[in-house]
Amino acid sequence: NILHPSRRDSSIDVVVSDLPFGKRCGSRYDNRTLYLLALSETARVTRPGTGRAVLLTHDRVTLTKVIRKVQVNLFCDRNPNVSVSFLLYT
């Protein structure tokens, strides 16, 4: 759980998270608080200089604003558009 990790500071090399989009559950307004908490914890547990985070979201505006706010250990290297043309549910 990214909001309550049981990890020490600077102890993780890579964080991968599929953040809520705020469509199916929650809202974009809720994302502001959730993303801020999640990215603050990501910054705390990733190794400075070498730690990486891969974050997937449709709410890019909120994520970009939160990244600018946190700024502790976070640096946005890339912000690519990813197109998913179909999803398979099994």
Side-chain angles (χ1 to χ4, degrees):
N1 183 341
I2 198 164
L3 297 180
H4 304 287
S6 57
R7 303 291 181 194
R8 296 183 322 268
D9 293 0
S10 306
S11 62
I12 296 178
D13 293 315
V14 178
V15 172
V16 178
S17 181
D18 182 0
L19 298 168
F21 297 170
K23 292 182 184 227
R24 188 188 222 177
C25 64
S27 68
R28 284 190 168 191
Y29 180 78
D30 294 338
N31 284 351
R32 294 177 196 164
T33 303
L34 178 65
Y35 287 14
L36 184 59
L37 292 170
L39 268 72
S40 295
E41 283 302 305
T42 298
R44 183 185 70 79
V45 300
T46 53
R47 296 183 198 278
T50 59
R52 300 286 184 257
V54 177
L55 307 170
L56 174 65
T57 184
H58 187 268
D59 192 357
R60 290 174 62 158
V61 172
T62 300
L63 182 61
T64 302
K65 287 179 182 177
V66 169
I67 288 172
R68 287 186 192 130
K69 264 188 185 177
V70 174
Q71 285 191 15
V72 178
N73 289 333
L74 299 178
F75 166 74
C76 188
D77 185 28
R78 295 182 203 146
N79 194 356
N81 284 324
V82 177
S83 176
V84 178
S85 56
F86 64 91
L87 297 174
L88 296 177
Y89 295 95
T90 57

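Everything numeric here is computed off the predicted structure, so don't read it as measured data. Nothing fancy with the numbering, it's 1 onward along the sequence.
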Sequence neighbours excluded, the answer for side chain to side chain contact (heavy atoms under 4.5 Å, CB included) partners of Leu63 is Leu19, Tyr35, Leu39, Leu55, Thr57, Ile67

NE2 (His58) and CG (Asp18) are apart, to the nearest 0.5 Å, by 12.5 Å

For Arg47 and Asp13, the nearest pair of non-hydrogen atoms, with its separation, is NE-OD1, 2.6 Å

Across all chains, not counting sequence neighbours, the side chain to side chain contact (heavy atoms under 4.5 Å, CB included) partners of Thr33 are Leu37

Here the gap from Thr64 atom OG1 to Lys69 atom NZ, rounded to the nearest 0.5 Å, amounts to 13.0 Å

In this structure, NZ of Lys65 is separated from CZ of Arg60 (nearest 0.5 Å) by 14.0 Å

Closest non-hydrogen contact found for Arg7 with Ile12 is CG-CD1, 3.5 Å

On a heavy-atom basis, the closest approach of Thr42 and Ala53 is CG2-CB, 3.8 Å

Val16 meets the side chain to side chain contact (heavy atoms under 4.5 Å, CB included) criterion, sequence neighbours left out, with Val14, Val54

Shortest non-hydrogen pair, Asp59 vs Arg28, comes out as OD2-CG, 3.5 Å

